[in-house]
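Numbering of ligands and ligand atoms starts at 1, following listing order.
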Amino acid sequence: MAESSNVMEQIVSLCKRRGFVYPASEIYGGLNGFWDYGPLGVLLKNNIRDHWWRNMVLSPPIGPDGHPIDMVGIDTAIIQNPKTWVASGHVGGFSDPMVDDRESKQRYRADHVMVMVPKDKQGNAFAFLPGEQEAAEKKIKRDARRNPTDYDVVSLMTLALDQYGNIVAPATKSPGTLTEPRAFNLMFITYVGALQSDDSKAYLRPETAQGIFLNFKNVVDTTRVKVPFGVAQIGKSFRNEVTPRNFIFRSREFEQMEMEWFCHPDEARQWYEFWKVERMNWWRSLGVKESNLRLRDHEETELSHYSKMTVDIEYLYPFTAPDYGELEGIAHRGCFDLTQHQENSGQKLDYFDQDLQLKLKEQGVSAEDIKAKSRYIPNVIEPASGLTRAVLVILCEAYRKEPGRQGTEEFLSIKPQFAPIKLGIFPLVNKEGMPEVAEKLYLELRRDFTCEYDPKQSIGKRYARMDEIGTPFCITIDGDTLKDQTVTVRERDSMAQQRIALDKVRSYVAERMRD
Ligand code: GAP
């Protein structure tokens, strides 16, 4: 655990030092749960964003029939008519169950708290947060003088209130200090127009999904898509999280990459399985190690109000290890959202399935049945992930510390495609005709790859800086370049160097940038 939290501290420190992520409004002391993405952070974030858009919208997966599936993109307003959030269930129900510890004054999300309960029901139970089970085990050995194997690990949510009196909270030594869970609404309120009253109250969206449902009819009426099809969106979402924590993992302003897949209710289960496979493949394509990813089905008690079934793609974060934490949710939302918006808006949001109508006609189904079956409210399968959480995963995945490594012990082994800077271009010394050749190469390549031209400092320091920010290749122009038109290319992870022809640099990098 100590080691994992050290790793996180080192990643946060590198991010600040090298311009990936800064605390928001830092000069005023910051604002808890808000972060700014620096010059390298925005490049990394945009690379992941573009990869998602390319793989989901521009070149979507091949469907079970061997053809690319239908997908369109959208970009909807952050502030929608507040009735949206009443219909979606967010005004009434978008809340986290919170428990307070009266003694330590800590506040926890009740569904995050785990408890070690004695199997024989004798004595106290010990609560802990994900990744901190060791601390609860220590208390069991020291205070209860028992063996942790005598205890079951359960979620606090599964325990009855009359058991709370026996629970020792994560930050206390005596039992009975936790309050009962209370709901806390997570939406940020704002006002539209000059007057601030209940009538002008509006909300910053807590998810991008609802903007898609509101435009279901617009998309069907104005494009050539037919069910099944998807609508994808990337954008900011806002949640007044009670306990923003773990760097950018849980923040109050973040970006989501969401897709709503509209399909026939009879096919929903099949598409749910399809998207599980596709989305796992997408995370692998970012270079995330197989052993760091897993799928976890939601228990019945965990399901959101709209969900029939949900599976999370989870990642082994340093701060959750040895446990995993959420990265993306894939939910079977049934017809919940379109039905709700249809009822609340009074607008018809059903779908007339012409292809199904023809098929049923061919099968000799009665006219009455055809009419009833061809018009329906589609079901929705929703893969919903966090873009900013993906940035964190790439950083955790790429972070390396190799004591004794030349130049810098710390470096980021980011897959070349996603590296903020692909290529460092250096003259060995800032004279003798080398800067001119290096700058010419930089000017030739900068439109194809994000390059950095740097003529200053010792070559070792320049390599070290590039390693720290995850630049996969560095090109050095030296005395020999002027004689034989070759350059040194240095690879980040292995630090291996080789000579290649100056005019082959472009193809060398391009080849290594492919999927
Ligand atoms: N439309 C469904 C929905 O929003 P969610 O599980 O609440 O589902 C989807 O959010 C994803 O958005 C999560 O898996 C996570 O990656 C990201 N996310 C949610 N809350 C977040 C927060 N406070 N900070 C950063 N990312 C968050």
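In the vicinity of Gly329, heavy-atom distances shorter than 4.0 Å reach the ligand 1 atoms 14 (O). Taking every heavy atom of Tyr306 and a limit of under 4.0 angstrom, the matching atoms of ligand 1 come to 2 (C).
Considering backbone and side-chain atoms alike, Phe249 places an N or O below 3.5 Å from some N or O of ligand 1. Taking distance alone, with nitrogen or oxygen atoms compared against 3.5 Å, Phe254 stays at or beyond that limit from ligand 1. Looking at Ala209 next to ligand 1, no N or O pair under 3.5 Å apart turns up.
Every residue two or more places apart in sequence or in another chain was checked for a salt bridge (charged side-chain N to carboxylate O under 4.0 Å, His left out) with Lys138, and none qualifies.
Contact annotation: for Asp312 versus ligand 1, there are no heavy atoms closer than 4.0 Å. Proximity of Arg333 to ligand 1, defined as any heavy-atom pair under 4.0 Å, is confined to the side chain (atoms from C-beta onward).
Tyr272 places a side-chain N or O within 3.5 Å of a backbone atom of Val311 that can act as its donor or acceptor partner. With Lys415 contributing its side chain and Ser285 its backbone, the two residues share a donor-acceptor pair below 3.5 Å.
Evaluated by nearest non-hydrogen atom to atom 5 (P) of ligand 1, the leading choice among Glu258, Arg239, Glu382 is Arg239. When the heavy-atom distances from atom 10 (O) of ligand 1 to Glu253, Gln256, Arg389, Glu207 are ranked, the shortest goes to Gln256.
Relative to the six-membered ring of Tyr37, Lys45 meets both conditions, a distance below 6.0 Å and an angle of at most 45° to the axis.
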